[in-house]
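What follows is one structure encoded as structure tokens, with my remarks underneath.
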Amino acid sequence: MSIEQTSPNPSAKPRVALVFGGRSSEHAISVSTAGSVLRAIDREKYDVLPIGITHEGRWALVSDEPSRMAITDGRLPDVAHVAEAVEGQVSLPVAPGSREVVLSEPGTAPKVLGEVDVVFPLLHGPWGEDGTLQGLLELSGVPYVGNGVLASAVGMDKEFTKRILASHGLGVGRYTIVRPRDWETAAGRDAVRERAAGLGLPLFVKPCRAGSSIGITKVKDLADLDAAIEEARRHDPKLIIEAGVAGREIECGVLEFEDGLRASVPGEVLVGGGYEFYDFEAKYIDSSEVRIPADLTAEETAEIRRQAIAAFEALGCEGLARVDFFLLEDGSWMVNEVNTMPGFTPISAYPKMWEATGLAYPELIDRLLQAALRRSTGLR
């Protein structure tokens, strides 16, 4: 079959493929993130090709209309609603040496859409943030923004994040893991209940490989444990049950500069509106406040920045990450999780913390893209 060649891009500007959406339960947050990046990216400096992945996994060309990608009046955006066609498949390069993106549609010859210089993977959750897309890009030799395969994979899996951080001397909370086989038999379920009870109350039952606070339940009565586990299992067959922590929730951004790693001004999550914790509704629908900068002493600020960079290095991160902590009542710090592709929505803490540190949103996007263009793919 012949391939239709489009005319070459006359511009010398780097061409950026924004890839977003995806098959995870964080699809809508990824779309909202992409809309924010589309608004902020410098069009005088970059050409942009928006590519959305539907819930079913189809890669589609998407209209460059950021306003249609926002969370509006509680309505969650969806790639299917902003895709240019209901059929057709966009393909990224699959072999080193090729940078061509191809559009295949039923009944027509495949069309080359031009070359891509760098990919900005804005997916959240499994099938995108977890090293899978990063592996594809490594195989094809296309530069991309952010963390590599290993850091993305371990950052997505809360169990291995905690194991690695603890091995580097960073504080983590008490937890137990529930694997699929643990919940398949009566004896296994009894063992899970016993382990969970040993952690005390309250408990937080979470999908082990998900984010955006999706599928999380706070359990204050062990009679509610089974229902919480079933809710988390809707998003991930592997779960983590964590002991509740009494402390302030503080976040800190890490960014790679030419001269090394830097940590942002920290922010503090303030959950209001009757919510008991920072769940999906509180975070994205009712927009609970993140106070930036957090009300910390100079010593506390210096320590969280130090530990955020230590966590970044422990996981082998590259480019960017947001590290979430608890500041405990005794003054010690505990890492909650490391987010290897933080949200870039209008309410997301990561870009806001960097803005408060002196790096405006468009500059942050530019710095991430320039770092990706300089970085080689493959072993490094």
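- Salt-bridge annotation for D190 and R193: present, with a side-chain N of the basic residue lying under 4.0 Å from a carboxylate O of the acidic one.
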Discussion item. Between R189 and V192, is the side chain to side chain contact (heavy atoms under 4.5 Å, CB included) condition met? List the steps.
Written reply: CA-CA 5 Å; R189 290 191 289 272; V192 168; 5.6 Å; no

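- A cation-pi arrangement is not found for R209 relative to F160, the charged atom failing to lie both closer than 6.0 Å to the ring centre and inside a 45° cone about the ring normal.
- Relative to the ring axis of Y175, K162 places its NZ or CZ within 45° and under 6.0 Å from the centre.
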Practice prompt. For side chain to side chain contact (heavy atoms under 4.5 Å, CB included), just list the numbers for L103 and T108, CA-CA rounded to whole Å, side-chain angles, deciding distance to a tenth of an Å, and then say yes or no.
Written response: CA-CA 10 Å; L103 172 64; T108 64; over 6 Å; no

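- Hydrophobic clustering of Ile, Leu, Val, Met, Phe, Trp and Tyr side chains at less than 4.5 Å, counting indirect connections, keeps L76 apart from F344.
- The residues R380 and E318 are annotated as salt-bridged, a charged nitrogen and a carboxylate oxygen being separated by less than 4.0 angstrom.
- When every heavy atom of V79 is checked against every heavy atom of V62, the shortest pair comes out as CG1-CG2, 4.3 Å.
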Discussion item. Checking Y46 against D366 for the side-chain hydrogen bond (donor to acceptor under 3.5 Å, both in side chains) test, could you report, in this order, the C-alpha distance in whole Å, the side-chain angles of both residues, the deciding distance, and whether it holds?
Written reply: CA-CA 9 Å; Y46 301 100; D366 179 57; 2.5 Å; yes

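- In plain terms, the two heavy atoms of C317 and T340 that are nearest each other are SG-CG2, 4.3 Å.
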Item to complete: Could you go through the side chain to side chain contact (heavy atoms under 4.5 Å, CB included) check for R322 and V254 one step at a time?
Response: CA-CA 6 Å; R322 192 193 74 233; V254 181; over 6 Å; no

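- Ion pairing between a basic and an acidic side chain is recognised when a charged N comes within 4.0 Å of a carboxylate O; E184 and R181 show no such pairing.
- Closest of all the heavy-atom pairs between C252 and S264 is SG-O, 3.5 Å.
- The NE2 atom of H81 lies 11.5 Å from the OG1 atom of T54; values are rounded to the nearest 0.5 Å.
- The closest side-chain heavy-atom distance from L201 to D221 is not below 4.5 Å.
- L137 and V149 are members of different hydrophobic clusters when ILVMFWY side chains are connected at heavy-atom separations under 4.5 Å.
- Test E329, E268, E300 against R248 for side-chain hydrogen bond (donor to acceptor under 3.5 Å, both in side chains) and you get one pass: E268.
- The two atoms that bring A356 and I292 nearest to each other are CB-CG2, 3.5 Å, heavy atoms only.
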Worksheet item: Can you check side-chain hydrogen bond (donor to acceptor under 3.5 Å, both in side chains) on Q307 and E303, steps first, answer last?
Response: CA-CA 6 Å; Q307 289 203 29; E303 181 60 15; 2.9 Å; yes

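- For the atom pair W59 CH2 and S104 OG, the distance stands at 13.5 Å (nearest 0.5 Å).
- W354 and F257 have tilted rings, their planes meeting at an angle from 30° to 60° on a 0 to 90° scale.
- Using a cutoff of 4.0 Å between basic side-chain nitrogens and carboxylate oxygens, D64 and R43 are scored as salt-bridged.
- Under the 4.0 Å criterion applied to side-chain N and carboxylate O atoms, R163 and E159 are assigned as salt-bridge partners.
- At a threshold of 4.5 Å between side-chain heavy atoms, the hydrophobic network of Ile, Leu, Val, Met, Phe, Trp and Tyr places L320 and L373 in one connected group.
- Under the 3.5 Å distance criterion, the side-chain polar atoms of D236 are left unmatched by any main-chain donor or acceptor of R233.
- Listed by chain and residue number, nothing satisfies the ring-ring contact (aromatic ring centres under 6.0 Å, His included) test with F312 (two or more places apart in sequence, or in another chain).
- In this structure, R23 contributes its side chain and I53 its backbone to no donor-acceptor pair below 3.5 Å.
- Applying side-chain contact (heavy atoms from CB on, under 4.5 Å) to L315 and the options V154, V323, N147 leaves one that passes, V154.
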Fill in: side-chain hydrogen bond (donor to acceptor under 3.5 Å, both in side chains) assessment of T33 paired with S30
CA-CA 5 Å; T33 281; S30 175; over 6 Å; no

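- Side-chain contact, Y350 with N339: no donor N or O sits under 3.5 Å from an acceptor N or O.
- Within the 3.5 Å criterion, the main-chain N or O of G148 finds a donor-acceptor partner in the side chain of S152.
- Between E242 and K206, at least one side-chain N (NZ, or NE/NH1/NH2) sits under 4.0 Å from a carboxylate O, which counts as a salt bridge.
- Among residues two or more places apart in sequence or in another chain, the ring-ring contact (aromatic ring centres under 6.0 Å, His included) test is passed with W183 by none.
- Atom CD of E84 has more than 12 neighbouring heavy atoms from other residues, nucleotides or ligands inside a 6.0 Å radius.
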Discussion item. For L61 and L49: C-alpha separation, side-chain torsions, deciding distance, then whether side chain to side chain contact (heavy atoms under 4.5 Å, CB included) applies.
Written reply: CA-CA 8 Å; L61 281 182; L49 179 66; 3.8 Å; yes

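- Between E129 and L123, the shortest heavy-atom distance links the atoms CB-O, 3.4 Å.
- One finds a salt bridge joining K13 and D47 here, because a Lys/Arg side-chain nitrogen approaches an Asp/Glu carboxylate oxygen to under 4.0 Å.
- With salt bridges taken as basic N to acidic carboxylate O contacts below 4.0 Å, one links E258 and R367.
- Hydrophobic clustering (ILVMFWY, side-chain heavy atoms < 4.5 Å, transitive): V101 and V16 are in distinct clusters.
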